[in-house]
A.B. asks: 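Okay, here's the structure, questions in a sec.
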Amino acid sequence: MRVATWNVNSAKSRLPRLLAWLDQRAPDVVCLQETKLSDQAFATTFDSALAERGYQVAHFGQGRWNGVALLSRVGLDDVDRGLPDEPCFPEPGSSPDARAITATCGGLRVTSVYVPNGRTPDDPHYGYKLRWLDALRAMLASGTPGSAVVAGDMNIAPTDADVWDPDLFVGSTHVTPAERAALGELMALGLHDVVRERWPGHRVFSYWDYRAGRFHQDKGMRIDLVLVGADAAGRVQAAWVDRAARKGSGPSDHAPVIVDLDEAPDGDIGPVVPPPTTPAKLPHLS
DNA sequence: ATGTCTGTAGTATACAGA
């Protein structure tokens with residue numbers, strides 16, 4: 001089963017690339033972020049094209065900003081939009097952003113997340129980001145973290161190895177100790193950062209600013225993560241960033257992250273087997 | 001270091017967010 005996540009930076013403007021990518025990579029479950037469409041506009045634009053490709057769809061949008069979706073051809077059940085007790089920005093008086101959608105797909109509880117950016121550490125949005133991450137942690141803790149898959153734009157670089165120039169980012173959002181601690185609280189539920197586990201010590205980025213030729217120079221950040229609980233962690237066969245999807249004309253500023261899982265035994269996830277320490281055949285990066 | 005892209009408002013070009 002192939003699981004993928006992609007911050008498309010507007011599903012409407014990414015329409016041709018998104019459909020071509022689905023045909024090329026054939027993911028079974030897709031987490032999308034920053035669709036920037038209302039539910040109705042997403043349905044109008046995508047429902048028939050996705051149905052033709054065998055996908056069930058759940059979208060949670062608000063129009064201009066944010067917007068997340070799940071596509072699945074291995075079942076899409078028990079959809080939850082948003083988080084319990086989700087914080088809002090700005091408080092008071094606003095309603096929750098469209099930043100999380102959860103469903104059961106192929107026996108896993110999959111959440112597509114678009115974590116708040118935070119802007120700068122002294123901006124009120126930064127506190128909102130930390131509260132939002134805590135609400136995500138609380139939702140996962142109240143469920144069954146072993147079956148969880150959390151995939152999306154975390155807007156956090158887990159370590160300095162996940163930033164092209166750590167010195168330049170000191171004091172900036174995405175790398176502060178409080179953000180990394182909040183990510184650590186998620187991981188403490190038993191989640192695995194499967195791309196980093198597959199590529200320890202490698203230069204692996206998922207986001208490159210449009211400006212200043214950053215992609216061409218591979219000056220990026222790894223902020224799009226696939227975090228999986230124990231059930232899926234023992235089934236990981238490949239985990240990589242689809243850097244090719246960032247190339248050419250009209251790309252998103254994020255690349256997809258793709259994770260391949262062995263099939264679960266019939267009706268039973270089975271005993272958890274730790275991932276092999278020697279990578280098997282893996283796609284070539286760069 | 002802030003060079004780009006996106007959507008919106010509104011009709012040309014500005015603004016905000018990332």
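First the proteins, then the strands, lettered A, B, ... as listed; each starts at 1.
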A.B. asks: Which residue pairs satisfy the salt bridge (charged side-chain N to carboxylate O under 4.0 Å, His left out) criterion with at least one member in residues 138-151 of chain A, sequence neighbours excluded?
C.D. replies: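 As it turns out, there is no salt bridge (charged side-chain N to carboxylate O under 4.0 Å, His left out) pair with a partner in residues 138-151 of chain A once direct neighbours are skipped.
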A.B. asks: Less than 3.5 Å apart, any donor N or O on the side chain of Thr104(A) or Arg109(A) sitting next to an acceptor on the other?
C.D. replies: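 Yes, because at least one side-chain N or O of Thr104(A) sits under 3.5 Å from a partner of the opposite role on Arg109(A).
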A.B. asks: Going by salt bridge (charged side-chain N to carboxylate O under 4.0 Å, His left out), name the pairs with one or both residues in residues 136-165 of chain A, residues two or more places apart or in two chains.
C.D. replies: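 Found Asp134(A)-Arg137(A), Asp160(A)-Arg180(A), Asp162(A)-Arg196(A), Asp162(A)-Arg222(A).
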A.B. asks: One character per nucleotide, please: for nucleotides 7-18 of chain B, 5' to 3', B when the base has a protein heavy atom closer than 4.0 Å, S when only the sugar-phosphate does, - otherwise.
C.D. replies: BS--------SB
A.B. asks: Give me the distance, rounded to whole Å, that separates dT11(B) from dT6(B) when you measure between the P atoms they each carry.
C.D. replies: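 23 Å, rounded to whole Å.
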A.B. asks: Please tabulate, for side-chain N and O atoms in residues 82-93 of chain A, each donor-acceptor pair with protein atoms closer than 3.5 Å (sequence neighbours left out).
C.D. replies:
| residue | atom | partner | partner atom | Å |
| --- | --- | --- | --- | --- |
| Glu86(A) | OE1 | Leu83(A) | N | 2.7 |
| Glu86(A) | OE2 | Trp132(A) | NE1 | 2.7 |

A.B. asks: Expressed as a whole number of Å, how far does the C1' atom of dA12(B) sit from that of dT8(B)?
C.D. replies: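 Looking at atom C1' only, dA12(B) and dT8(B) are 14 Å apart.
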A.B. asks: What distance, rounded to whole Å, do you find between the two P atoms, one in dG10(B) and one in dC5(B)?
C.D. replies: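 Here dG10(B) and dC5(B) have their P atoms 25 Å from each other.
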A.B. asks: In whole angstrom, what separates Arg214(A)'s CZ from dT2(B)'s P?
C.D. replies: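 From Arg214(A) CZ to dT2(B) P: 10 Å.
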A.B. asks: State which residues pass side-chain contact (heavy atoms from CB on, under 4.5 Å) with Ala11(A); sequence neighbours excluded, sorted by chain then number.
C.D. replies: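 side-chain contact (heavy atoms from CB on, under 4.5 Å) check on Ala11(A) returns Val8(A), Thr35(A), Leu37(A), Phe42(A), Phe46(A).
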A.B. asks: Sequence neighbours left out, what passes ring-ring contact (aromatic ring centres under 6.0 Å, His included) with Tyr207(A)? Give chain and number order.
C.D. replies: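 ring-ring contact (aromatic ring centres under 6.0 Å, His included) list for Tyr207(A), sorted by chain: His254(A).
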